[in-house]
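Remarks on the structure that follows.
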Amino acid sequence: MGIPIRSLLVASLVLSSIALHVAAKTLDPYKVLGVDKNASQRDIKKAFHKLSLKYHPDKNKEKGAQQKFEEINNAHEILSDEEKRKNYDLYDDEKGNPGMGAGNFGSHDFTGGGPRTTYFSSGDGWQTMGGQGNSKTFSFSFGGNPGAGGGNPFGFDLGDVFSNMFAGRSMGGSQHGGFAGSGRPSARTSSQHKNPVTIQEVTMQTFNKEIADQGITWLLLFYTQQANGQFVLESVLEDVARSLDGAVRAGKVNCDNEKALCKKNGVSVGKSARLFIYSYSTAEKGSLHEYSGDSDAKSLKTFCQEHLPRFSRRVDITQFNFPSNALPNLPEVLLLSTKKDTPAMWRAVSGMFHSRLIFYDAEVQDVSLPLLKRFGVKNVPALIGRTVNGEVQLLKDGISVKDLRSGIKELKTLLESFEKKNKKLASEQAKKPAKASEPKENKIPLLSASNFEETCGEKAPVCIIGVFKSNKAKEKLESILSEISQKTLIRGQSYSSGNAITYALLDGNKQSAFLSSFDKSGYKSSDKLLLAYKPRRGRFAVYKGEVSMEEAERFVVSVLNGDVQLSATGQKPVLR
């Protein structure tokens, strides 16, 4: 009796799959990734990351790169999962099947895709796993429909095939020899990586509570289940989050589940996952900036460092003094280090404390400078603070840290302690009753030859001068400038603390020669006016309209934001 053609075809398919399976087993995952059998999960991840970037089909067009890429992904899938790795070490099979001798092949996968491992079951024994690009992975079980006791994706019992081939002897129901079907479900899950750095799942609630305008820099991966590149970006994200631990936190947003959050941030995910940094590099409020560089840790780390907060003002230590008209009730802190640029950890903490402290930093190569001796600094790095009552204190010198995370922790501890001390001082000052006999402090100085250099000299980036020619005009200008000096009016980073501006009054009747440096007539026709002077550049702007609080604020903001055209002075202004 002849063997049915259908049975021969199915038997051929089964034997072909067996041959493919045996061929796949000849690839040692340890050799594919180039690691030894005692390799740690971190070593495995690093090897995978390096090789997957090298052989990624989007970058490597050489013959055989696609196949190599698939081998790398399969090897990583085995070794990154502890159970599969243990099974492979014991049986040369990640599923724990003891090879062909035992006759149990279970479920087999034919893979043609990238690193994504998301599976969708069709209910008919086939499973589709989203692959890289248009590639897919199909999995089927020799032993029947996953989750069901019998049947199989071909609609008939595989035992019938071997019954027809071997004179009616069915081997399908036996687990003791021959080729046995397995009733195990064939569904697989993506490997879970054990890593000390957590990539947090971000929801709308998480974003609003922990990310939005909290002063902390975040790396955020936006993805969907269908998007490509999530796995590679997530691996790079972990590496960078680990190296910048303490300065940067990491999260991921599933735009399939968090549509409102993605829409709120203007992020749409198409074919590929997208990586953003939420930072404060250019403004008081945080914003998203997309990363479009290479998918490697070094490039992404550089990108992150460029986007760390910039709330600290870089100063020249040889000419520095804490400004006398800083914002009220806000203490000031100065970091001294040998770094040519603002240290990353100081930029990070400046974001965390930017609404509570005023930040400066300076490069110091010689601790014998008179100013440092006055502060009591013997070693750098050092941290100096100025309290709300004007007292300058050395918070700590010779600061020693072993890494970025410990450095940020040390600085946060020092700043929090200093902040508590200032709150106590502010509370004590508020409780003190004002003495009636004490004259009211004049917050806005009257310019003279003796105080001009300190108030409106080259140390001051911008000097706002209220020019008056009557007592009534003086009182009005003094009131307006006193109130404006206590406000933060500036969007730009250089003036974010408000302390880069100085304010002064000038008697126009007595200082006509000074005013003639700005205007030949000395503004003879004006009873009062506002003069914005930038001594370093020798340029100025003037407001001669009706001076109200609103107009004065608008003028100051316009000058500092560069919205007002500046003119050059005729000569250097000098007070007599």
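Keep in mind that what you see is a predicted model, and the values were worked out from it rather than measured.
Ion pairing of K459 with E453 is absent here, as no side-chain N (NZ or NE/NH1/NH2) approaches a carboxylate O to less than 4.0 Å. A salt bridge links R314 to D361: one of the charged nitrogens lies within less than 4.0 Å of a carboxylate oxygen. The pair E363-K339 does not count as a salt bridge, with every side-chain nitrogen at least 4.0 angstrom from each carboxylate oxygen. For R554 and E551, the salt-bridge test passes: some basic side-chain N is under 4.0 Å from an acidic carboxylate O. The pair E419-R356 counts as a salt bridge, with a side-chain nitrogen and a carboxylate oxygen less than 4.0 angstrom apart. Between R405 and D245 there is a salt bridge, since at least one side-chain N of the basic residue sits less than 4.0 Å from a carboxylate O of the acidic one.
Under a 3.5 Å cut-off, the side chain of Y280 and the backbone N or O of Q214 do form a donor-acceptor pair. Proximity of a side-chain donor or acceptor of N265 to a complementary backbone N or O of V267 within less than 3.5 Å is not detected. In this structure, W346 contributes its side chain and Y360 its backbone to a donor-acceptor pair below 3.5 Å. R537 places no side-chain N or O within donor-acceptor distance of the main-chain N or O of A568, the cut-off being under 3.5 Å. Side chain of R539 to main chain of L566: a donor-acceptor pair is present (N/O by atom type, distance under 3.5 Å, no hydrogens or angles). In this structure a side-chain-to-backbone donor-acceptor pair under 3.5 Å is present from T203 to T206. Checking side-chain atoms of S52 against main-chain N and O of H49 turns up a donor-acceptor pair under 3.5 Å. Here the side chain of S485 pairs a donor or acceptor atom with the backbone of L481 at under 3.5 angstrom. Checked by atom type and distance alone, the side chain of R274 never pairs as donor or acceptor with a backbone atom of L221 at under 3.5 Å. Of the possible polar contacts, one joining the R347 side chain to the P309 backbone as a donor-acceptor pair under 3.5 Å is found.
When only modelled atom types and interatomic distance are considered, S479 and S482 share no side-chain donor-acceptor pair under 3.5 Å. No donor-acceptor contact under 3.5 angstrom links the side chains of N471 and K476, judged on distance only.
The nearest pair of heavy atoms linking D397 to G376 is OD2-O, 4.0 Å. Between V542 and K544, the closest heavy-atom pair is CG2-CG, 3.9 Å. For I317 against L372, the heavy-atom pair with the smallest separation is CG1-CD2, 4.1 Å. G286 and D213 get closest at one heavy-atom pair: N-OD1, 2.9 Å. The two atoms that bring A532 and I464 nearest to each other are CB-CD1, 3.9 Å, heavy atoms only. When all heavy atoms of L515 and G522 are compared, the closest pair comes out as CD1-O, 3.6 Å.
Atom CG of N451 and atom SG of C456 lie 8.0 Å apart (nearest 0.5 Å). In this structure, NZ on K378 lies 9.5 Å from CG on L394, to the nearest 0.5 angstrom. D507 CG to S448 OG: the interatomic distance, rounded to the nearest 0.5 Å, is 11.5 Å. Taking NZ from K524 and OG from S512, the interatomic distance works out to 7.5 Å, rounded to the nearest 0.5 Å. Taking CZ from F452 and CD from Q511, the interatomic distance works out to 10.0 Å, rounded to the nearest 0.5 Å. In this structure, D36 CG and L33 CG are separated by 11.5 Å, a value rounded to the nearest 0.5 Å.
Relative orientation of the F322 and F375 rings is tilted, given thresholds of 30° and 60° on the angle between their planes. Note: F222 and F276 have perpendicular aromatic rings, judged against thresholds of 30 and 60 degrees for the angle between ring planes. Between H307 and F303, the angle of the ring planes lies from 30° to 60°, which puts this pair in the tilted group.
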Between K421 and Q393, does a side-chain contact (heavy atoms from CB on, under 4.5 Å) hold up when you go through it step by step? CA-CA 11 Å; K421 183 182 293 186; Q393 302 175 352; 3.4 Å; yes

Report the C-alpha distance between T318 and L371 in whole Å, list the side-chain angles of each, state the deciding distance to 0.1 Å, and finish with yes or no for side-chain contact (heavy atoms from CB on, under 4.5 Å). CA-CA 7 Å; T318 62; L371 182 64; over 6 Å; no

Apply ring-ring contact (aromatic ring centres under 6.0 Å, His included) to Y533 and F518, showing your working. CA-CA 9 Å; Y533 175 45; F518 303 95; 5.5 Å; yes

Worked verdict on N379 versus K396 for side chain to side chain donor-acceptor pair (under 3.5 Å): CA-CA 9 Å; N379 298 289; K396 188 173 183 179; over 6 Å; no

Step by step, work out the side-chain contact (heavy atoms from CB on, under 4.5 Å) result for D316 and Q319. CA-CA 6 Å; D316 183 350; Q319 301 180 19; 3.7 Å; yes

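Within the 4.5 Å cutoff, no side-chain heavy atoms of K252 are placed close to those of V202. Counting heavy atoms from C-beta outward, M549 and E483 have side chains that approach closer than 4.5 Å. Within the 4.5 Å cutoff, the side chain of L414 has heavy atoms near those of the I399 side chain. Contact of the K412 side chain with the I408 side chain is registered, since non-hydrogen atoms from C-beta on lie closer than 4.5 Å. V559 has its side chain out of reach of Y543: every pair of non-hydrogen atoms, C-beta onward, lies at least 4.5 Å apart.
Residues F353 and F311 keep their aromatic ring centres 6.0 Å or farther apart.
In this structure, K59 places its NZ atom where more than 12 heavy-atom neighbours from other residues, nucleotides or ligands lie under 6.0 Å away. The neighbour count for Q365 CD, taken as heavy atoms of other residues, nucleotides or ligands under 6.0 Å away, is above 12.
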